[in-house]
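Quick note on labels: first sequence line is chain A, next is B, and so on, each numbered from 1.
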Amino acid sequence: MNASLPIALVDDLDRRLLFQLEPGLPLAPRPYAEIGNAIGVDESEVIDRLGRLIQAGVIRRFGVVVRHHEVGYGANAMVVWDVPDAVMADAVGVLTANSGVTLCYQRPRRLPDWPYNLFAMIHGTSEETVRAQIADLRAQVPLSGLVHDVLFSRRRFKQTGACYRPRLSLPEKREVA
Amino acid sequence: MFTRTEQHLLNDWQRDFPLDPRPYARMAEQLGISEAEVIDALETLKKQRAISRVGAVVKPGTIGASTLAAMAVPGERLEDVAEWVSAYDEVNHNYERDHRFNLWFVITASDADALNNVLAVIGDESGLPVMSLPLVEAYHIDLGFDLNFPHQEPEAQP
């Protein structure tokens with residue numbers, strides 16, 4: 001699927017709606033009415049717009065956002081491959097068909113430091129189960145023949161929702177230890 | 001560790017959350033409990049940090065700019081550098097990973113200029129290179145995550 005959508009698909013009111021939603025839908029009986037009050041539209045407009053943004057793929061998921069670590073999925077690895085263009089589609093096919101893969105992205109290489117261009121996230125209840133899933137993926141063509149690396153997460157310093165709201169001022173310089 | 005109601009709330013509405021004036025009432029009907037009980041249970045799960053929110057996961061690149069950034073931070077500085085990277089509102093995930101590039105974080109901002117500014121300031125402040133790996137293509141839509149609760153019985157088929 002294409003990473004970019006026509007700009008016209010998301011208007012100013014959509015943006016205000018999405019910014020207002022960033023902290024989460026209010027846990028109150030009429031949450032869409034509360035969101036609407038905050039941005040000056042009525043409840044039905046909020047619901048219609050959310051439906052349209054979901055339909056258009058701007059919102060790729062609308063619902064309960066679970067924190068994996070806290071619900072028992074304490075292990076996660078980012079697995080990266082150096083995939084030639086000629087086999088990219090096949091490699092993506094293997095990854096997206098695997099239920100253990102939660103996210104799969106193509107990103108640029110940064111040579112010589114970083115030769116990898118395909119990224120997959122794998123979550124599991126333990127490092128052992130995640131390693132088994134990775135071994136399973138690596139047994140499949142074309143991944144079996146490609147250079148890869150595995151980056152397990154260790155400390156989690158921050159995990160929050162995305163914040164696209166424009167800032168009133170630019171970040172200031174701070175003293176660094 | 002989670003009640004049956006909590007398990008359903010964690011698993012069943014990761015997507016397709018009701019777009020209805022009373023969404024929690026619609027969920028309550030499916031669970032056979034009251035709207036207030038659904039709201040209370042979600043508040044409890046939020047306090048326990050099992051859920052971060054009920055909300056929208058927005059496709060990268062549609063309402064702003066974002067990137068995945070990585071740094072190779074000397075071990076003795078990692079905690080300090082991680083702490084002030086996390087202090088930016090624009091940084092929403094920040095993990096240590098076991099690799100030479102040991103600090104990985106996602107930056108989102110209102111536009112490309114604001115994003116580049118954050119990258120530049122983090123590089124200047126730390127004196128360390130910041131590798132930016134913006135999305136080229138997303139192949140796997142995040143459809144949520146089946147938590148596979150072991151004692152969750154299959155739903156009766158009508």
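Residues A/V83 and A/R109 share a closest heavy-atom pair of O-NH2, 3.0 Å. A pairwise comparison of heavy atoms in B/P134 and B/T67 identifies N-OG1, 3.1 Å as the closest pair. Considering all non-hydrogen atoms of both residues, B/L19 and A/G51 come closest at CD1-CA, 3.6 Å. Taking all atoms of both residues into account, the shortest heavy-atom contact from A/I39 to A/R16 is O-NH2, 2.7 Å. Between B/Q48 and A/E70, the closest heavy-atom pair is O-CG, 4.3 Å. The shortest heavy-atom contact between B/P23 and A/Y32 is CG-CE1, 3.7 Å.
Contacts of A/V66 with chain B are made by both backbone and side-chain atoms, with heavy-atom separations under 4.5 Å. Neither the backbone nor the side chain of A/L53 comes within less than 4.5 Å of any heavy atom of chain B. Proximity to chain B (any heavy atom under 4.5 Å) is shown, for A/N76, by both the backbone and the side chain. Contact of B/P18 with chain A is made through the backbone alone, with heavy-atom distances under 4.5 Å. When heavy atoms are compared at a cutoff of 4.5 Å, B/D20 approaches chain A solely by way of its backbone atoms N, CA, C and O. Of the atoms belonging to A/D149, it is side-chain heavy atoms, and not backbone ones, that fall under 4.5 Å from chain B. Neither the backbone nor the side chain of A/V46 comes within contact range of chain B; no heavy atoms are under 4.5 Å apart. Interface residue B/E35: only side-chain heavy atoms are found under 4.5 Å from chain A. Neither the backbone nor the side chain of B/A25 comes within contact range of chain A, judged by heavy atoms closer than 4.5 Å. For A/L18, the part lying under 4.5 angstrom from a heavy atom of chain B is the side chain only. Contact annotation for A/Q159: both backbone and side-chain heavy atoms come within less than 4.5 Å of a heavy atom of chain B. At a 4.5 Å heavy-atom cutoff, B/F105 makes no contact with chain A through either its backbone or its side chain. If you measure heavy-atom distances from B/D16 to chain A, the contacts under 4.5 Å come from the backbone alone. Heavy atoms of B/L103 lying under 4.5 Å from chain A belong exclusively to its side chain. Looking at A/A77, only its backbone comes within 4.5 Å of chain B, counting heavy atoms on both sides. Proximity to chain B is limited to the side chain of A/M121, based on heavy atoms less than 4.5 angstrom apart. Neither the backbone nor the side chain of B/A70 comes within less than 4.5 Å of any heavy atom in chain A.
Counting only distance, with no hydrogens or angles, the side chain of A/R67 and the backbone of B/R49 share a donor-acceptor pair below 3.5 Å. Checked by atom type and distance alone, the side chain of A/R61 pairs as donor or acceptor with a backbone atom of B/Q14 at under 3.5 Å. Judged purely by atom type and a 3.5 angstrom limit, B/N94 uses its side chain to pair as donor or acceptor with the backbone of B/A82. Between the side chain of B/N116 and the backbone N or O of B/A112 there is at least one donor-acceptor pair closer than 3.5 Å.
Contact count versus chain B (heavy atoms, under 4.5 Å) is highest, among A/P26, A/P31, A/A33, for A/P31. Contacts with chain B were tallied for A/R107, A/E43, A/R156; A/R107 has the most, counting heavy-atom pairs under 4.5 Å. Between chain B and the residues A/L27, A/L21, A/I59, the largest count of heavy-atom pairs under 4.5 Å involves A/L27. With chain A as the partner, the residue from B/K46, B/E79, B/R97 showing the most heavy-atom pairs under 4.5 Å is B/R97. No other option in A/D48, A/D113, A/I54 has as many heavy-atom pairs under 4.5 Å with chain B as A/D113. Ranked by heavy-atom pairs under 4.5 Å with chain A, the first of B/D111, B/V106, B/L68 is B/L68.
Two rings, from A/Y105 and A/F119, have their centers 6.0 Å or more apart.
Residues B/L45 and B/F2 meet the side-chain proximity criterion, which asks for heavy atoms closer than 4.5 Å. Side-chain contact between A/V10 and A/R15: present, with at least one pair of heavy atoms (C-beta onward) separated by less than 4.5 Å.
A/L13 and A/L25 fall within the same hydrophobic cluster, defined by Ile, Leu, Val, Met, Phe, Trp and Tyr side-chain heavy atoms under 4.5 Å apart, directly or through other members.
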